[in-house]
Amino acid sequence: MTSSTKDPGSIQWPKHISESYRLKIVQTLHKVPYDTRVRALKEADYNVLRLRSDHVYLDFATTRGNAGLTDKQLSALMIGDEAYAGSTNFYALEKTCRLIFGKELTIPVHQGRGAEHLILRALIKPGQRIITNGNLLTLKPLADTMGITIETLLSDDAFDSHSEQPWKADIPLERLKMSLESKDVGLVMISATLPHLGGQPLSLENLCECATLARQFHVPIVLDASMLASAAYLYSAIHPGKESLSQHIREYADQADILYLTGREDACCHTGGLIATNHDTFYKKFRDLVVLYEGLHTYGGQAGRDMQVLAQGLQDMCDPHYLDFRMRKLTYLARHLEKIGYRTYHPIALSGVLVDCHGLPTSLLPESDFSQDNSVSISSNLAALFYLVSGCRLRPLSSPLIPNHVDWLGIFVPRRCYTERQIDYLIESFLQLKRYRIAHPLQKKESDQAIPELIRYEVAETFITEYHDDFIPTFTPEPYFIKVVEPFKLTSPENRSKAIRKAGYNTFLLNSEDIYVDLLTDSGTAAMSNHQWARMIEVQESELGSEAFYLLNERGRDVLGFRYLLPTHQGRAAEHILSQTMIRKGQYVLNNMYFTTTREHQERAGGIFVDLIIDAAHDPRSSHPFKGDMDPQKLKQFIEAHEPTTIAYVCLETNVNMAGGQPISLATTKEISAICRYHHIPLIFDATRVAENAYLIKKREKPYAHWTIKQIIRELMSLGDGCTISAKKDALVNIGGILAVNDPVLYEHCTTLCMTFEGTPWCGGLASRDLAAMAVGLEEMCEYDYISSRVEQVHYLWSKVREAGIPVVEPAGGHAVFLDARTFLPHIPQEEFPAQRLAAAIYETSGVRGMERGLVSAGRDPLTGKHRPTKLELVRLTIPRRVYTYSHMDVVAEGVVEVFQQREHVKGLCLMYEAPTLRFFTARFELL
Ligand code: P71
């Protein structure tokens with residue numbers, strides 16, 4: 001064996017590696033309160049593997065069948081043709097096996113154990129032996145029932161958590177030879193990794209040598225390829241060279257007479273498996289048996305859709321980018337656990353991290369010696385304790401997976417499922433754990449017949465010594481986990497230079513496939529939740545009185561409090577209708593700064609736009625906590641100087657976008673509202689980002705610190721007469737808008753325009769499913785854990801960039817980080833569009849896309865034809881909701897810092913083309 005001793009965990013990674021995907025669908029996650037945990041643990045007889053999954057906060061018990069799907073896998077689910085025989089899905093699977101494993105003949109099976117069952121029945125007789133490196137989770141019980149003996153051959157290193165030997169799944173060749181010589185060996189079944197040892201890999205060399213030996217003795221060699229991508233990845237990490245991950249996968253597969261797998265590991269499926277071979281005689285045996293135990297040979301006990309998902313998953317798993325990230329994440333976890341005093345198994349592999357329970361901080365265990373003859377392992381005790389502390393489930397490893405002298409607690413990290421923040425929560429929980437002590441260890445319940453992993457326990461007296469109160473992590477982990485992802489790649493620097501030139505240095509004109517982390521906008525870019533999708537599928541499509549409308553109406557009223565609600569296809573449509581209904585030609589509309597579409601519609605309706613925001617809003621360095629506020633003094637003066645009747649309405653934007661995502665305060669808004677009411681001037685909100693605004697009120701305005709987000713929203717909205725909303729932002733949908741008012745006459749007028757421009761008043765030009773998603777989104781945006789993790793993520797990026805000395809708009813806003821391009825690029829005069837230039841430079845350097853919010857966005861004055869003067873010359877890095885993780889934010893910060901370091905070399909732009917309205921969308925520039 002030519003093995004190198006390089007520990008894959010010690011490989012030098014680039015400073016920041018982020019997930020090679022963005023989140024597409026999230027599954028909402030709820031903390032499990034301490035009292036519930038106490039009860040649930042008792043109900044589960046103190047064995048964490050018996051807990052109901054809805055009593056578990058983060059689940060690290062297994063990596064099987066719980067991965068986040070890719071978007072392509074999700075769509076594969078929809079193209080199952082569900083034919084009984086010869087479905088297209090089967091042929092897709094067969095083709096994939098040919099392509100990836102080089103095997104011509106494929107038999108689908110329902111899961112890995114279905115494959116093992118058929119292989120054992122077809123190829124081995126009772127009394128014969130199987131040699132394996134220990135894929136024992138399902139193989140051992142199966143062999144037991146079939147009267148087949150299993151011989152596990154592994155070197156002693158495998159169970160030595162300190163040995164850095166990188167190929168712990170290798171079979172000792174001498175021992176293999178001796179066994180084969182005894183003639184009763186029917187099969188050699190080798191697993192590409194040992195999941196129960198955290199995913200320790202098999203080397204290609206060892207597999208080749210085992211295969212050669214087995215062939216000498218005419219014994220078929222079977223490869224468990226469930227985690228072949230992981231093994232091949234670790235192999236390429238240790239043998240860096242020109243070969244791709246796919247090529248290594250193929251080299252392993254070539255050694256096997258028969259290959260089988262469960263789709264529930266590296267292929268990231270929730271069910272499904274297969275057997276593949278090039279040998280007709282084996283194939284025929286499997287085909288004869290598959291009809292008996294699984295299903296027909298072209299579906300093998302899987303739905304058509306599951307075969308299609310498996311085929312897709314096998315293709316997806318050949319992309320090394322995800323494994324790069326996964327390896328890094330697991331290394332991070334192990335290193336941190338060691339730092340806080342836990343011993344972990346070495347080296348780190350790709351299933352998870354094992355904590356050595358013989359090396360625990362002593363404070364955890366009972367003061368009296370942890371009884372040697374107590375038959376319940378420390379890991380089982382620790383798992384129960386850990387669940388009590390954190391709500392997380394880990395997996396105690398027991399025989400026959402591991403020998404009696406070792407005692408490990410496994411942290412199996414599901415694929416593409418949890419974020420780095422959630423891993424941080426896990427690490428903090430381990431830290432917290434040290435404050436507890438087991439008082440009385442678990443005892444096996446007498447006469448319990450359950451299989452070893454599911455044995456029931458009890459405890460004579462209290463389980464833990466003291467309860468130190470529920471632990472609160474120092475940060476908010478995302479209150480959701482990942483259900484579906486959308487993979488993306490960083491394209492080459494040459495490619496990016498070409499792309500931005502082709503786009504005329506306008507980030508709006510880039511293709512999304514050329515983009516790495518897309519921070520153009522938080523509009524319509526959110527990941528929807530499982531609940532939103534469920535409702536979308538549930539509701540009936542109808543444009544007349546649809547149930548979805550009534551659902552939206554009810555939720556909208558509950559959250560906003562306005563009496564009448566009209567859906568529109570998005571925010572600007574609501575602005576269009578409202579402006580046309582409420583503004584008479586020549587009337588003033590008083591705003592707190594401006595939003596592009598809002599002002600455009602006010603002016604097109606004949607209104608005269610007026611900005612009465614406080615002065616601090618125009619100063620990027622002012623750290624006023626409510627820079628979005630309208631100035632009550634300015635309002636009073638304006639009303640005094642003009643008749644109230646010349647004012648169509650006051651329009652207050654929540655969390656003012658163009659000012660940097662800056663909130664309005666309840667105190668000032670109350671003043672504004674009182675002034676408006678006194679003069680009978682309607683007050684209309686642009687409540688597009690009202691939840692973020694409410695969160696910032698809760699944080700920054702003392703009297704409301706204990707109010708719920710919904711109460712604050714209701715209080716704020718009660719000060720006005722109506723609102724327009726682009727639901728594509730806080731309301732967490734990809735399309736949709738809302739117009740809500742209290743006045744029935746106004747509502748009727750709006751309805752008429754809605755009929756003309758949008759659709760019926762029950763649909764506003766949207767599909768019913770979009771209304772349903774909006775209804776659920778309105779509710780989700782009010783959940784404290786969600787909105788706090790959302791805004792705190794923005795603050796995280798803001799702090800990172802700011803700490804690097806980069807000029808940003810102060811203080812941190814709700815939806816985006818705004819870079820001050822004037823200060824960033826002081827050598828570029830405003831007529832040369834520093835913000836436009838900076839956005840382009842950031843893209844070119846890092847693949848991150850932001851948006852200009854300065855001279856180009858301000859447009860031209862319709863009267864003078866000159867650029868509208870604007871003090872703020874900003875680049876907005878806008879964070880989509882529930883889409884990116886903290887590690888993505890690290891990568892973004894790194895990119896911005898890189899541009900900052902080379903800022904003197906960045907030159908200005910000249911404008912080549914502009915459209916007459918909203919020119920920023922399509923304007924083109926050239927480098928000066
Ligand atoms: C944003 C957007 C989307 C956008 C719109 C125009 C130019 C560039 C980007 C849209 C808003 C908004 C506020 C406060 C109304 C709309 C229009 N923002 N009010 O920030 O922020 O809503 O896009 O649904 O029509 O990227 P709409």
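Atoms considered below: every heavy atom in the structure, side chains included; atoms not considered: hydrogens, waters and symmetry mates. Whatever order the structure lists ligands and atoms in, that order sets their numbers, starting from 1. Quick caveat: nothing in here was measured; it's all calculated off a predicted structure.
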key: Those atoms of ligand 1 less than 4.0 Å from some heavy atom in Thr688   = 13 (C), 19 (N)
key: Nearest neighbour of atom 12 (C) of ligand 1 from the list Phe595, Phe508, Tyr594, on a heavy-atom basis   = Phe595
message = Any carboxylate oxygen within less than 4.0 angstrom of a Lys/Arg side-chain nitrogen, looking at Lys670 and Glu715?
response = yes
query = Does a salt bridge link Arg881 with Glu692, judged by any charged N lying under 4.0 Å from a carboxylate O?
reply = yes
message = I'd like to know whether Asp890 forms a side-chain hydrogen bond (donor to acceptor under 3.5 Å, both in side chains) with Ser887, so could you lay out the CA-CA distance, the side-chain angles of the two residues, the decisive distance to 0.1 Å, and finally the verdict.
response = CA-CA 5 Å; Asp890 290 339; Ser887 21; 5.8 Å; no
query = Side chain, backbone, both or neither: which part of His569 has a heavy atom under 4.0 Å from ligand 1?
reply = neither
task = Under 4.0 Å from a heavy atom of Thr596: give me the atoms of ligand 1 that qualify, with their elements.
result = 6 (C), 7 (C)
query = Hey, is ligand 1 close enough to Ser726 that some N/O pair sits below 3.5 Å?
reply = yes
message = Ring of Tyr786, cation from Arg882 - is the NZ or CZ under 6.0 Å from the centre and inside 45° of the axis?
response = yes
message = Give me the residue, atom name and distance of the protein heavy atom closest to atom 17 (C) of ligand 1.
response = Thr597 OG1, 3.5 Å
message = Using side-chain contact (heavy atoms from CB on, under 4.5 Å), reason through Met889 and Gln793 one step at a time and then give a plain yes or no.
response = CA-CA 8 Å; Met889 296 303 112; Gln793 190 187 39; 4.0 Å; yes
remark   = Judged by heavy atoms only, the candidate from Arg876, Glu653, Lys728, His815 nearest atom 1 (C) of ligand 1 is Arg876
query = Mind checking whether His888 and Phe488 have ring centres under 6.0 Å apart?
reply = yes
note = Under 4.0 Å from one or more heavy atoms of Thr521, ligand 1 contributes atoms 1 (C), 26 (O)
Among Phe833, Phe920, Tyr505, the one residue meeting ring pair (Phe, Tyr, Trp, His ring centres under 6.0 Å) with Phe925 = Phe833
query = Taking all atoms of both residues into account, what is the closest heavy-atom pair of Thr581 and Cys750, and its distance?
reply = OG1-SG, 3.8 Å
query = Closest non-hydrogen protein atom to atom 13 (C) of ligand 1, residue and atom name please, with distance?
reply = Asp686 OD2, 3.4 Å
Contact atoms of ligand 1, heavy-atom distance to Phe921 under 4.0 Å = 6 (C), 7 (C), 8 (C)
query = Out of Gln570, Glu575, Arg572, who gets a non-hydrogen atom closest to atom 15 (C) of ligand 1?
reply = Glu575
message = Considering both backbone and side-chain atoms of Arg853, is one of its nitrogen or oxygen atoms within less than 3.5 Å of a nitrogen or oxygen in ligand 1?
response = no
query = Is Arg689 in polar range of ligand 1, meaning some N or O pair under 3.5 Å apart?
reply = yes
key: Proximal atoms of ligand 1 relative to Phe920 (non-hydrogen, under 4.0 Å)   = 7 (C), 8 (C)
task = List the closest protein heavy-atom neighbour of atom 9 (C) of ligand 1: residue, atom name, distance to the nearest 0.1 Å.
result = Met851 CE, 3.9 Å
inquiry  = Which residue in the set Lys728, Arg689, Lys729 passes salt bridge (Lys or Arg N to Asp or Glu O under 4.0 Å) when paired with Asp522?
reply    = Arg689
key: Pair Glu852 + Arg837: basic N to acidic O under 4.0 Å   = no
inquiry  = Between the side chains of Arg621 and Glu810, is the shortest nitrogen-to-carboxylate-oxygen separation below 4.0 Å, so that they form an ion pair?
reply    = no
message = Looking only at protein heavy atoms, which one is nearest to atom 10 (C) of ligand 1, and what is the separation?
response = Lys729 NZ, 2.7 Å
task = Return a yes/no value for Gly571: is any of its N or O atoms, backbone included, closer than 3.5 angstrom to an N or O of ligand 1?
result = yes
